[in-house]
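First up is the structure itself, then whatever we jot down about it.
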Amino acid sequence: MEMLRAEELCFSYPAGEGEARVPVLDHVNLTIEKGSIVAVLGHNGSGKSTLAKQFNAVYLPSGGKMWVEQFDTANEAVLLEIRRRVGMVFQNPDNQIVANVVEEDVAFAPENLGVSTEEIRRRVDDALAAVGMSDFTRHAPHLLSGGQKQRVAIAGVLAMEPECIVLDEATAMLDPRGRRDVLDTVRRLNRDKGMTVVMITHHMDEAELADRVVVLNHGQVYLDGAPKEIFQQVKQLRSIGLTVPETVKLLYDLHQEGMDVLLSAISVEECADAVCRALQACGVEESVSERENERGTNYQS
Ligand SMILES: Nc1ncnc2c1ncn2[C@@H]1O[C@H](COP(=O)(O)OP(=O)(O)OP(=O)(O)O)[C@@H](O)[C@H]1O
Ligand SMILES: [Mg+2]
């Protein structure tokens with residue numbers, strides 16, 4: 001089942017006087033299935049945030065169509081239906097916190113949707129539990145760490161009980177620990193609640209956890225496929241200013257040097273395994289362990 005579908009989607013920002021409008025989204029065709037995790041990559045200005053804002057009708061198409069389930073985002077009458085289904089989390093957690101107490105912050109959006117008081121209590125508790133922040137209900141958001149604030153921001157979106165959550169570089173301002181917390185949270189929401197996740201990111205290694213990677217370039221879909229497929233296209237990615245995960249880079253460089261390594265290994269474990277296998281295949285490991293033995297003998301003697 002489809003969650004989001006862009007059909008020949010075009011968009012340009014209003015141009016200054018006498019200037020031509022530059023297309024920022026240029027005939028994008030993209031379907032995002034319910035329950036999937038999709039990473040969207042692309043260099044600065046490739047149109048990622050603009051596309052994300054089409055997903056919950058912050059911007060409307062200049063051409064083509066944007067569908068959220070069966071709802072056409074251009075239809076004003078269904079705006080609330082769309083906003084209920086697709087929640088957005090942005091880069092800077094400080095800009096997303098609106099109240100002085102965590103639970104009030106999380107309650108803000110459902111209150112605005114006219115949800116009943118008991119229902120709000122349940123949703124706030126559920127949302128804070130889902131992001132692992134139940135112990136911080138009465139805390140002041142501004143005293144939390146970046147990662148914790150971002151998790152509160154996510155809880156605020158979850159309290160609207162959306163089917164789909166769009167994270168626009170939501171981990172960009174976080175330290176590695178905060179990033180990991182947010183990514184773990186997102187992965188759990190996908191696994192436990194079947195939530196559709198669209199993750200816009202500059203971090204290649206974040207894209208590893210996606211089912212699918214979409215690469216944008218100049219407002220067009222440049223590559224679209226499973227992470228393993230996409231990251232093997234090192235040359236194409238580099239040609240549009242993207243780097244590949246460190247693991248892929250290592251394997252690619254070894255391959256360029258003539259080593260017969262598996263190029264589809266992305267995680268650190270897979271990569272280490274691929275290198276070990278390749279070394280074994282060319283007999284290096286044997287000589288390494290022989291040397292280790294020799295050294296051991298020498299040391300003992
Ligand atoms: N509000 C705006 N008014 C005019 N032009 C804009 C506006 N927002 C973005 N643009 C332009 O649209 C293009 C796409 O911007 P967008 O923010 O969607 O890219 P992005 O891929 O999210 O970039 P980044 O990686 O820097 O976040 C850029 O050329 C940008 O300058
Ligand atoms: Mg952006």
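Just so you know, residue 1 is the first one in the sequence shown, and it goes up from there. Only this structure's heavy atoms are used, side chains among them; waters, hydrogens and symmetry mates stay out. When a ligand or atom number is given, it counts from 1 through the structure's own listing order.
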(message) Between E69 and M3, does the side chain to side chain contact (heavy atoms under 4.5 Å, CB included) criterion hold? Intermediate values first, please.
(response) CA-CA 5 Å; E69 291 182 347; M3 183 70 235; 3.9 Å; yes
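- Closest to atom 5 (N) of ligand 1, if we only count protein heavy atoms, is Y13 CD1, 3.3 Å.
- Annotation: atom 30 (C) of ligand 1 to nearest protein heavy atom, G45 CA, 4.9 Å.
- Nearest heavy atoms, D72 versus I82: O-CD1, 4.0 Å.
- Residue-ligand proximity: G47 is placed with a non-hydrogen atom under 4.0 Å from ligand 1.
- Within ligand 1, the atoms closer than 4.0 Å to a non-hydrogen atom of V24 are 12 (O), 13 (C), 14 (C), numbered from 1 in the order shown.
- For the side chain to side chain contact (heavy atoms under 4.5 Å, CB included) with M204, the qualifying choice from V244, L237, T243, V213 is T243, the only one to do so.
- Across all non-hydrogen atoms, the minimal contact from N92 to Q96 is O-NE2, 3.1 Å.
- The nearest protein heavy atom to atom 15 (O) of ligand 1 is closer than 4.0 Å.
- For ligand 1, the atoms lying closer than 4.0 Å to a non-hydrogen atom of S46 are 19 (O), 21 (O).
- The protein non-hydrogen atom at the shortest distance from atom 26 (O) of ligand 1 is N44 OD1, 3.4 Å.
- Per-residue contacts place H43 under 4.0 angstrom from the following atoms of ligand 1 (heavy atoms of the residue considered): 21 (O).
- In terms of heavy-atom proximity, R187 sits nearest to L209 at NH1-CB, 3.8 Å.
- Considering only non-hydrogen protein atoms, atom 17 (O) of ligand 1 sits nearest to S49 CB, 3.8 Å.
- Compare H218, Q54, H202, K48 by their heavy atoms: the one nearest to atom 20 (P) of ligand 1 is in K48.
- Those atoms of ligand 1 with a heavy atom of E169 less than 4.0 angstrom away are 25 (O), 27 (O).
- Crowding of N100 atom CG: a count of heavy atoms from other residues, nucleotides or ligands under 6.0 Å not exceeding 12.
- Using a 4.0 Å cut-off between a side-chain N of Lys or Arg and a carboxylate O of Asp or Glu, R84 and E81 qualify as a salt bridge.
- The two residues V182 and G147 have their closest heavy-atom pair at CG2-O, 4.1 Å.
- Within the 4.0 Å cut-off (strictly below), a protein heavy atom is located near atom 7 (C) of ligand 1.
- With respect to atom 18 (O) of ligand 1, the closest heavy atom belonging to the protein is T50 OG1, 2.4 Å.
- The local environment of CZ in F71 is crowded, with over 12 non-hydrogen atoms from other residues, nucleotides or ligands closer than 6.0 Å.
- Distances from the Mg ion (ligand 2) show that Q91 has no N/O/S atom below 2.8 Å.
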